[in-house]
Number of protein chains: 2
Amino acid sequence: MQPSLPTRTAALPVAAARPLAPNLRDAPRTGTAQRIADTLQLIAGVLEPKRRIVHAGDVIYRAGDRFEHLHLLNAGFFKLISLSSDGREQVVGLRFRGDWLGFSAIASGSFGCDAIALDTAEVWTVRYDALMQACISHPALMAIVHEAMSQEIVRDRDSLMTICTLPADARVAAFLHDWAGSLAARGLRADQFSLRLTRAEIGNYLGLTLETVSRVLSRLAKAELIAFHGKSRRDIAIPDVHALAAYVERRDPTAGLH
Amino acid sequence: MQPSLPTRTAALPVAAARPLAPNLRDAPRTGTAQRIADTLQLIAGVLEPKRRIVHAGDVIYRAGDRFEHLHLLNAGFFKLISLSSDGREQVVGLRFRGDWLGFSAIASGSFGCDAIALDTAEVWTVRYDALMQACISHPALMAIVHEAMSQEIVRDRDSLMTICTLPADARVAAFLHDWAGSLAARGLRADQFSLRLTRAEIGNYLGLTLETVSRVLSRLAKAELIAFHGKSRRDIAIPDVHALAAYVERRDPTAGLH
DNA sequence: CGCCAAATTGACTGGTATCAAGCTACGTGG
DNA sequence: CCACGTAGCTTGATACCAGTCAATTTGGCG
């Protein structure tokens, strides 16, 4: 979409909106990770969710399914894929521990996308009506739910801004930076991890082709902003997160609205 | 971003996700318009919101403002503009009668974008804590708020999909179709209306430049899918909404994920 | 009436998509 | 344990959509 670096659009939403936990050793039990743990504990105490283990490729819900339950991720990774009427697919979101699945179905009463596990994961499931009831007796729970929905809105806007304003290189870099940030915020290892998506899926998520994603990754590796750790070429190492963030930001500082 | 019509990406989210009210005479007081009216009435009854009239250019809140209030639009149009750390702007949303403003600030406690009136409008304002209280005593109100937030999530995803999968022509067409749909759903005239955005703002919203928007509009007019009604070139007429929808859909029907 | 923002249009450039081979990793069965 | 098939990935050559630069016209408003 947008051309190269001296773009008229540009911006840097990712770093501003979701600052990385500086290091997993600095904030393992104090920041987001603790908040997530607290949320899970509250839900577990109040609602007795059904817990289950799912595996890579398993589907929690499909587009068209009737909405009755919300899901909360206790462990693992999910992708959300929206299907258009003419059969196209679009990755519209990625989910980590502490994230909810299913908010988007509340309004219409049925799901508009598939939720697919990217690896072994633990999902907690609650009935939406039960959750509503619980919110009435436990205002703290209502606040948590609202915050989660609010955060999802913010995240979606960040995605939009990334895609609208960044050229391909920066989009991929922002994606990696974001992923690392999500891991770090949950106390997981962020300097070295395995992408659980194919190049095609990453490209789809970012509005790029798989070839472009592949090229950008090769370029980033050559610039030593990332490194391929394992053999699979999905194992990414990020030697310096700040350098990656700086790379995303390094856009032409002129211009306003397009 | 994506090339022309035979795109590898493509999709048709808009029509599927937010079907147009077929005609404002068919469903003036039965569908969405009625639901919006009911919502407004409930809010008015339960919360006694502060009401005020604002004018084009007026700002309801700015990025960085502390979050305390939610706003509900009783009349008029708003744009939401997100500001990145390096000063770039991105139109992240458009709002109509019945839409809420401010959900995205719940999570962080402060606003991440500006809300700016596009013309004279009436805004109802309620304190968030008062709303939370009211939700406890009025479960129907809680359901309404959840639905509104859910709908905002769906809308954001639709935007993402439009931008990720459609070439410039279709994006602009989808934008017009969407705008017309929003008007129709509220019982307003949808076959002829005034865009309240500049070409630059439309382009920013769609991830395009103002020149591209201008060219596409000229092309759509030449193809008689739209017409310039007034003198200002922001007054658009849509002789046949279905033709416009068909134009958006007319993508290459092959391929899956990129 | 004249200024200025907004819009239009043209010529040109360039970033990504597209098309096309190969290559690599991994699982499966012999 | 290794051959083989296949899905995923990389890389190169080329095409083309949309961005960029620039000049002009239009419309709104004081």
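Quick caveat: nothing in here was measured; it's all calculated off a predicted structure.
Here the side chain of A:T209 is nearest to one of C:dC26, C:dT8, C:dA17, namely C:dA17. Of the candidates C:dC19, D:dG19, C:dA7, D:dG19 carries the atom nearest the B:L208 side chain, counting heavy atoms from C-beta on. When each of D:dG8, C:dT9, D:dT10 is scored by its nearest atom to the side-chain atoms of A:T198, the top-ranked nucleotide is D:dG8. The side chain of B:L210 approaches C:dT8 more closely than any other nucleotide in the set C:dT8, D:dT11, D:dG8. Out of D:dG19, D:dG28, D:dC21, the shortest distance to the side chain of B:T212 is found at D:dG19.
Nucleotide D:dG27 holds its P atom 10 Å from the NZ atom of B:K231, rounded to whole Å. Atoms CG (A:D169) and C1' (C:dT16) sit 11 Å apart, rounded to a whole Å. Rounded to whole angstrom, the span from the CZ atom of B:R233 across to the C1' atom of D:dT26 amounts to 9 Å. Atom P of nucleotide C:dA17 and atom CG of A:N204 are separated by 12 Å, given to the nearest angstrom. In this entry the distance linking CD of A:E211 with P of C:dT16 reads 14 Å, nearest Å. Straight-line distance from the CZ atom of B:R199 to the P atom of D:dG27: 12 Å, rounded to whole Å.
When the nearest nucleotides of DNA chain C are assigned to A:R219 and B:S232 by heavy-atom distance, the more 5′-ward of the two goes with B:S232.
Among the protein residues, A:S218 comes within range of the sugar-phosphate backbone only, with heavy atoms under 4.0 Å from sugar or phosphate atoms but none that close to a base. Within 4.0 Å of B:R215, counting heavy atoms only, lies at least one base atom of the nucleic acid.
Classification of the A:F175-A:Y205 ring pair by plane angle, with boundaries at 30° and 60°, yields perpendicular. Taking the six-membered ring for Trp and thresholds of 30 and 60 degrees, B:F77 and B:F96 have ring planes more than 60 degrees apart, a perpendicular arrangement.
Checked for salt-bridge contact, B:R155 and B:D99 meet the test: a charged N lies under 4.0 Å from a carboxylate O.
For residues 215-238 of chain B, every residue pair satisfying the salt bridge (charged side-chain N to carboxylate O under 4.0 Å, His left out) rule, not counting sequence neighbours, is listed here: B:D169-B:R219.
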